[in-house]
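Have a look at the structure below, then the notes.
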Amino acid sequence: MDMKTIKDVNFKDKKVLVRCDFNVPVKEGVITDDTRIRESLPTIEKLLADGASVILMSHLGRPAGTGFEAEYSLAPVAQRLSELLGRKVLFSNDVFTEVTVSMARDLKLGEVLLLENLRFIKGETKGDEGFASYLASLGNVYVNDAFGTAHRAHSSTAIIAKFFPNDKYFGFLMAHEITNLEKLLHSAEHPYTAVIGGSKVSSKIDVLKNLADKVDALLVGGGMAFTFVKALGGKVGNSLVEEDKIELAKEILEVYKQKGVKFVLPKDSLCSNRFDNEAERKVFPTDEIPDGWMGMDIGPEAVAEFESVLASSKSVLWNGPLGVFEMSNFSEGTLQIGRCLGKVTENGGYTAVGGGDSVAAVNRLGLAKGISYVSTGGGAMLEYLEGKVLPGVAAILE
Ligand code: AMP
């Protein structure tokens with residue numbers, strides 16, 4: 001893939017519009033995790049070092065799209081960004097008025113301007129071309145560095161690119177995500193294992209299907225495992241099951257069988273009699289869970305089996321927790337898998353982690369540095385792994 005990144009281009013004297021993902025958690029005006037802001041710094045710093053001026057655009061949360069809402073303001077981001085960059089960040093209190101237009105017009109080289117939350121304007125999420133054209137009029141180069149929203153065809157993430165046929169690029173963060181996802185889809189070294197967890201089969205069907213052509217083994221945990229176990233005739237008690245997906249689970253199992261790819265379900269499960277951290281706990285074979293009990297985490301035999309498959313893998317992709325990871329008594333399986341990935345990397349293998357909960361698990365273990373690639377996108381990563389071309393990526397490549 002021709003990457004069209006900012007790396008080899010000099011942006012001196014340009015006014016560069018950068019779509020970032022500043023969708024950070026904010027509680028009462030205070031940012032509780034600034035990871036996403038930090039991750040956008042290399043791109044912003046490169047543009048400034050070249051001698052450009054920079055106009056930053058982002059969304060935060062899901063406002064109604066009917067104008068300003070204090071709880072979704074990007075003002076705290078402007079302040080934090082200014083601290084991290086060690087320079088002033090101008091902030092326009094709105095998106096679509098004369099004030100913004102004149103701030104953008106008067107912006108001097110070396111200056112940084114952040115626009116207010118784009119989703120205060122209804123056109124943004126509708127992919128409105130008029131709004132995209134307005135945004136485009138503020139600068140003369142477009143850079144997309146917002147991988148977290150690359151699966152959306154919004155005005156600022158995709159539509160805007162058509163106004164810059166020869167001046168559109170991926171930022172460093174986007175380029176890093178794409179390079180790694182391409183590797184996971186097309187050139188990962190074998191043996192290659194995917195570990196997929198999370199609550200529901202329904203949200204990961206297309207990923208599971210697409211991976212059948214790529215991996216040597218698939219390890220399935222979390223709530224979604226029980227729909228497969230039931231499809232195979234097992235008894236799962238009160239565990240989470242998507243009854244209407246049982247036929248589909250059978251189809252997926254058949255696809256893996258046809259291709260000769262190992263499909264590993266947890267042999268045993270740590271179960272509880274209530275959905276509660278303090279509930280009574282017992283281990284049962286996953287296909288013999290009595291009524292009144294539900295699987296909350298993978299059991300010790302499952303952990304051992306997953307570990308042995310992972311230990312002989314050269315590449316590992318992990319998405320989704322293997323149990324109800326938010327509850328301390330049911331987080332061990334997920335944490336153990338995180339540790340295994342750390343070991344695979346240590347032994348020279350390639351490891352990739354995506355999805356909010358798995359990334360949180362890796363961070364909780366202080367392991368993020370021991371993973372080859374930690375994705376910043378949940379939905380976007382899944383869609384990429386489904387084999388879809390993301391609108392935000394296509395818009396730059398077209
Ligand atoms: P997802 O958003 O699909 O990746 O799923 C993440 C959620 O799955 C987390 O909130 C977990 O608590 C939940 N989960 C994982 N394992 C189980 C399980 N055995 N039963 C119910 N929920 C689960």
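In each ligand, atom 1 is the first atom listed, and ligand 1 is the first ligand listed.
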Less than 3.5 Å between some nitrogen or oxygen of Asp297 and one of ligand 1, yes or no?
no
Does Phe226 come within less than 4.0 Å of ligand 1, judged by its heavy atoms?
yes
Is there a ring-ring contact (aromatic ring centres under 6.0 Å, His included) between Phe163 and Tyr142 once you walk through the steps?
CA-CA 9 Å; Phe163 299 97; Tyr142 171 66; over 10 Å; no
Do any nitrogen or oxygen atoms of Gly295 come within less than 3.5 Å of a nitrogen or oxygen of ligand 1?
yes
Any donor-acceptor pair under 3.5 Å from Ser155 side chain to Asp128 backbone
yes
Give a yes or no answer on whether the side chain of Asp268 reaches the backbone of Ala302 with a donor-acceptor pair at less than 3.5 Å.
yes
Checking Lys259 now: which residues fulfil side-chain hydrogen bond (donor to acceptor under 3.5 Å, both in side chains) with it, not counting sequence neighbours?
Asp213
Shortest protein heavy-atom distance from atom 14 (N) of ligand 1, along with the residue and atom involved
Gly323 O, 3.8 Å
When you measure from atom 13 (C) of ligand 1 to every protein heavy atom, which one gives the shortest distance, and what is it?
Ser199 CB, 4.0 Å
Just checking, Lys183 and Tyr350: is the charged tip under 6.0 Å from the six-membered ring centre and within 45° of the axis?
yes
Shortest protein heavy-atom distance from atom 12 (O) of ligand 1, along with the residue and atom involved:
Glu326 OE1, 2.6 Å
When only distance counts, is Gly223 in polar contact with ligand 1, meaning an N/O pair under 3.5 Å?
yes
Taking 4.0 Å as the limit for heavy-atom contacts, which would you say applies to Lys204 with ligand 1: side chain only, backbone only, both, or neither?
side chain
Taking Thr345 for its side chain and Leu341 for its backbone only, find out whether a donor-acceptor pair lies under 3.5 Å.
yes
Polar proximity ligand 1 side, Asp357 side, N/O cut 3.5 Å exclusive:
no
Check each of Leu382, Val324, Leu270 against atom 21 (C) of ligand 1 and report the one with the nearest heavy atom.
Val324
So Phe120 and Phe68, would you call those rings parallel, tilted or perpendicular, with 30° and 60° as cut-offs?
perpendicular
For Tyr192, the ring-ring contact (aromatic ring centres under 6.0 Å, His included) test, sequence neighbours excluded, returns none
Part of Met294 with heavy atoms under 4.0 Å of ligand 1, whether side chain, backbone, both or neither:
neither
